[in-house]
Amino acid sequence: MTSLTGKKIIVVGGSSGIGFGVAATALEHGAEVVIVGRSEDKLKAAEERLGAGHMTAIAADMANEADVSRMFEQAGAFDHLVATAGTPPPNDPIGETDMDFARGFVDGKLIGSVMLAKHAVRKLNKGGSMIFTSGINKDRPPVPGGAVVAAVAGSFTYFARALALELAPTRVNIVSPGWVDTEMWDEIVGEAKTGYFEQMGGRIPAGRIARPADIAPAYLYLMQNEFMTGETVHIDGGQRLV
Ligand SMILES: NC(=O)c1ccc[n+]([C@@H]2O[C@H](COP(=O)([O-])OP(=O)(O)OC[C@H]3O[C@@H](n4cnc5c(N)ncnc54)[C@H](OP(=O)(O)O)[C@@H]3O)[C@@H](O)[C@H]2O)c1
């Protein structure tokens, strides 16, 4: 396992949720961290919460190619790209799909990840890696309404396998979390979150819903283990088993 001390890690989605957890854990391991998100306010709040450390924040929308290109220019040479960014997925039954919303979701998450990879290669140091985020919705899609998110999340496994070959020796991997208690849930279900989490937490082998700090070590492991590439790491407390 290589050390992360002094390594520069770009976390797209680092101002909230899983990405914030990765940024905090990487800082604890001596890395230099660049957090990226669209909202300046969220980035500022995250910087305050992360406290002193070797970090910067860059506002950029990963669905906008000019933003993505500028972000990598500003960040400079780096060692690991972590992409956790995402927005609430479409959840209507297929016959009621809002196509603009569905396209926006695919554009942000999947095409956005393609753009990150496209521009990252110019600045990624030798020995580096890219890690993208899929999720339990590909294995346990919500019914009805889970088809679009399952298709997008599932595609990441094959995106990583192809890129791992094309970009070798740069490594490319995926983290696939189960439910994680993040701000995204507040946005999707509001106060009903507690009830959902109690119910699912009682069903899964881990006995509770994950916090971002439970998931972050999977990203650190993939950055540090030089023999992991083209892989999807599931970290879901056994949620796929129930
Ligand atoms: N939480 C879960 O239970 C769970 C489970 C499995 C998979 N996942 C997946 O994990 C990812 C992260 O989820 P989370 O729960 O950590 O969400 P979150 O707390 O809402 O955080 C999302 C982060 O992504 C940023 N972001 C969103 N769209 C962006 C864009 N177009 N360009 C740049 N940054 C963008 C947000 O900042 P701005 O809004 O300021 O841009 C924020 O920093 C999502 O793709 C989600 O589907 C989540």
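We count residues from 1, following the sequence as given. Start at 1 and go down the list; that is how both ligands and their atoms are numbered.
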Backbone or side-chain N or O of [X] under 3.5 Å from ligand 1 N or O:
X: P177; result: no
X: G13; result: yes
X: R38; result: yes
X: V12; result: no
X: M62; result: yes
X: E187; result: no

Test item: side-chain donor near acceptor, [X] and [Y], under 3.5 Å:
X: S16; Y: E183; answer: yes
X: H119; Y: E65; answer: yes
X: T84; Y: T133; answer: no

By number and element, which atoms of ligand 1 are closer than 4.0 Å to a non-hydrogen atom of [X]?
X: S15; value: 37 (O), 42 (C), 43 (O)
X: D61; value: 30 (C), 31 (N), 32 (N)
X: E183; value: 19 (O)
X: A60; value: 32 (N), 33 (C)
X: T87; value: 28 (N)
X: K109; value: 44 (C), 45 (O)
X: T133; value: 10 (O)
X: G17; value: 16 (O), 19 (O)

Q. Using heavy atoms and a threshold below 4.0 Å, how should the contact between F20 and ligand 1 be classified: side chain, backbone, both, or neither?
A. neither

Q. Is A153 touching ligand 1 with its side chain, its backbone, both, or neither, if touching means heavy atoms under 4.0 Å apart?
A. neither

**Q.** W179 and F197 aromatic ring geometry - parallel, tilted or perpendicular at 30°/60° bounds
**A.** tilted

Q: Can you pull out the closest protein heavy atom to atom 12 (C) of ligand 1? Residue, atom name and distance to 0.1 Å, please.
A: T84 O, 2.8 Å

